There are 2 protein chains.
Amino acid sequence: MPRAGLSPRAVIDAALEMVDESGAAGLTLAGVAARTGVAVPSLYKHVEGLPALRRKATAAVLDEFTARLTAAVLGRSGPVALDRFLRAYRDYARERPGRYQLTVPAADAADPADREVAEAGARAVAVAFALLEGAGITGEQAVHATRCLRAAVHGFVLLEISGGFGLSESTDASFDRLVAMLTAGIFGG
Amino acid sequence: MPRAGLSPRAVIDAALEMVDESGAAGLTLAGVAARTGVAVPSLYKHVEGLPALRRKATAAVLDEFTARLTAAVLGRSGPVALDRFLRAYRDYARERPGRYQLTVPAADAADPADREVAEAGARAVAVAFALLEGAGITGEQAVHATRCLRAAVHGFVLLEISGGFGLSESTDASFDRLVAMLTAGIFGG
DNA sequence: GCCCAAAGCTAATGACACTAGCTTTAGGGC
DNA sequence: GCCCTAAAGCTAGTGTCATTAGCTTTGGGC
């Protein structure tokens, strides 16, 4: 039996591939094992089980996502930065719906074991927060505004990637409307 | 073996109880069987399997949800109706997070078998749509505005019920901010 | 009171996660 | 260059769950 040369990172990468193909709910150890050419129990040498693998994969996604958001707003500020932030957010979710879905917590999962994920999530939120602070919105106001932004764009992309918008009208136009509403709501209009 | 006197509706009700207690992901046939005092295969006399049960439960939730939304806006119009609509929406999700979570589709699940759910969902969306049409927003504009409303409030409550808002600031105040932003964005401001 | 359809059951299969405990391999120390 | 140990892999076994097949029982209509 030639050694597969696995590592925690390789297992996570295989998990991400699987999520891309089968959605967040389609992630299984059996699938990851098949993909890496190894028996299922061998995976336990590299990750501590399915929930842990899901956590690590989620943290990896959040880091990748944060990098995209950061790149999108780099060197911009104000409404332009907000526009680019929101579009980068949506583009990521549409490109990688499975990965994006991975980041939505399971509602009951208020598990405190999840420090790694919480921290990666905080870094993503910090991008929006910094954007607002740069525009002079600070303190509690920035917290509320960040939550509104995040909620609106999160809800939009979730509905979009799950086919929740049934009608035939262009979702691009709807998103433009949302961006306009948020821009006006944040920067006054 | 005394007969349990089950019916499809009783099975769905047991499923809803289970969802209330264990979350949408915690719904299992084994749990429903235990709750109804019956062996697991017996459930197949009343529902066609777990996915079908989930669908029927989701449709039931959407009907209940729609009734709440409808009651909240009855006899009101304009910004007041919108305010009441949004708060009723959030209140339902906070009261019954498991049921609300049940209504969020699985991203990959663009199954056309889901006519019952799709129709129940359409009835819920129609409440918001009617609200806007009554305020003179019609046609394509009403579609885009409805999508924005729905996305924003959906995203907010999902983040709220899953503990996604980490910071200590009041989520009530954040929601007020969102309502204000949406009201201004829809009715001009 | 009989009869049959529906409601219930047991048994069996297959996917999955996880644990226990074995074997093998590869690389570092001598 | 060889040995030895830790890590990487394995097989076997358990438990949970959904699902199917096919049996038994019950209760209401005649």
Side-chain angles (χ1 to χ4, degrees), chain A residues 1-58 98 101-102 105-109 111 113-114 117, chain B residues 1-58 98 101-102 105-109 111 113-114 117:
Chain A
M1 44 214 75
R3 212 148 272 213
L6 234 43
S7 68
R9 185 66 226 183
V11 174
I12 293 169
D13 286 342
L16 291 178
E17 271 180 44
M18 197 174 175
V19 163
D20 284 338
E21 286 173 21
S22 319
L27 176 61
T28 65
L29 288 185
V32 170
R35 195 174 292 270
T36 51
V38 124
V40 176
S42 307
L43 294 175
Y44 285 80
K45 298 287 173 173
H46 305 285
V47 295
E48 299 86 48
L50 183 60
L53 175 57
R54 205 189 305 273
R55 277 198 300 274
K56 285 186 195 308
T58 301
Q101 197 93 32
L102 204 55
D108 48 331
D111 39 6
D114 230 341
V117 171
Chain B
M1 43 213 78
R3 214 149 268 213
L6 234 43
S7 68
R9 185 65 225 184
V11 174
I12 292 169
D13 286 341
L16 291 178
E17 271 180 43
M18 196 175 176
V19 162
D20 284 337
E21 286 173 21
S22 320
L27 176 60
T28 65
L29 288 185
V32 171
R35 195 175 292 270
T36 52
V38 125
V40 177
S42 306
L43 295 175
Y44 284 80
K45 298 288 172 172
H46 305 284
V47 295
E48 299 86 50
L50 183 60
L53 175 57
R54 206 190 303 275
R55 276 198 302 273
K56 286 186 194 308
T58 302
Q101 197 92 32
L102 205 54
D108 47 332
D111 38 6
D114 230 341
V117 171

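Convention: sequence-line order gives letters A, B, ...; per-chain numbering from 1. Predicted model only: the values in this text are computed from it and were never measured.
Residues B:Ala33 and B:Ala39 come closest through the heavy atom pair CB-C, 4.1 Å. Of all heavy-atom pairs spanning B:Ala57 and B:Leu102, the tightest one is CB-CD2, 3.9 Å. A:Arg54 and A:Ala24 make their closest contact through NH1-O, 3.7 Å (heavy atoms, listed as atom of the first residue, atom of the second, distance). In terms of heavy atoms, A:Gly31 sits closest to A:Thr28 at N-OG1, 2.9 Å. A:His46 approaches A:Ser42 most closely through the heavy-atom pair CD2-O, 3.7 Å.
Across C:dC18, C:dC9, D:dA8, the shortest atom-to-atom separation from the side chain of A:Pro41 is found for C:dC18. The side chain of A:Ala39 lies closest to D:dC10 when the candidates are C:dG8, D:dA8, D:dC10. With distances taken from any side-chain atom of A:Val38 to the nucleotides D:dT19, D:dG9, C:dG8, the minimum falls on D:dG9.
A side chain to side chain contact (heavy atoms under 4.5 Å, CB included) with A:Leu43 is found for exactly one of A:Leu53, A:Val11, A:Leu50, namely A:Val11.
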Extract all donor-acceptor atom pairs below 3.5 Å that involve side chains of residues 12-20 of chain B and protein atoms in other chains or at least two apart in sequence.
unit_1  : atom_1 : unit_2  : atom_2 : d
B:Asp13 : OD1    : B:Arg9  : NE     : 3.2
B:Asp13 : OD1    : B:Arg9  : NH2    : 2.9
B:Glu17 : OE1    : B:Arg35 : NH1    : 3.2
B:Asp20 : OD1    : B:Arg99 : NE     : 2.9
B:Asp20 : OD2    : B:Arg96 : NH1    : 3.0
B:Asp20 : OD2    : B:Arg99 : NE     : 3.2
B:Asp20 : OD2    : B:Arg99 : NH2    : 2.8

Worked check of side-chain contact (heavy atoms from CB on, under 4.5 Å) between B:Leu27 and B:Val32
CA-CA 8 Å; B:Leu27 176 60; B:Val32 171; 3.9 Å; yes
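Between A:His46 and D:dA7, a side-chain N or O to OP1/OP2 separation shorter than 4.0 Å is absent. OP1 or OP2 of C:dA7 has not a single side-chain nitrogen or oxygen of B:Ser42 nearer than 4.0 Å.
As a whole-Å value, the separation of B:Leu43 CG from D:dT20 P is 13 Å. Look at NZ on A:Lys45: it is 13 Å from P on C:dG21, rounded to the nearest Å.
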Protein N or O to nucleotides 14-18 of chain D N or O, pairs below 3.5 Å:
unit_1 : atom_1 : unit_2  : atom_2 : d
D:dA18 : OP1    : B:Leu29 : N      : 2.7
D:dA18 : OP2    : B:Leu29 : N      : 3.2
D:dA18 : OP2    : B:Ala30 : N      : 2.8

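Each end of the helix from C:dG1-D:dC30 to C:dC30-D:dG1 gets its own rotation axis from five pairs of C1' atoms, and the angle between them is 0° to the nearest 10 degrees.
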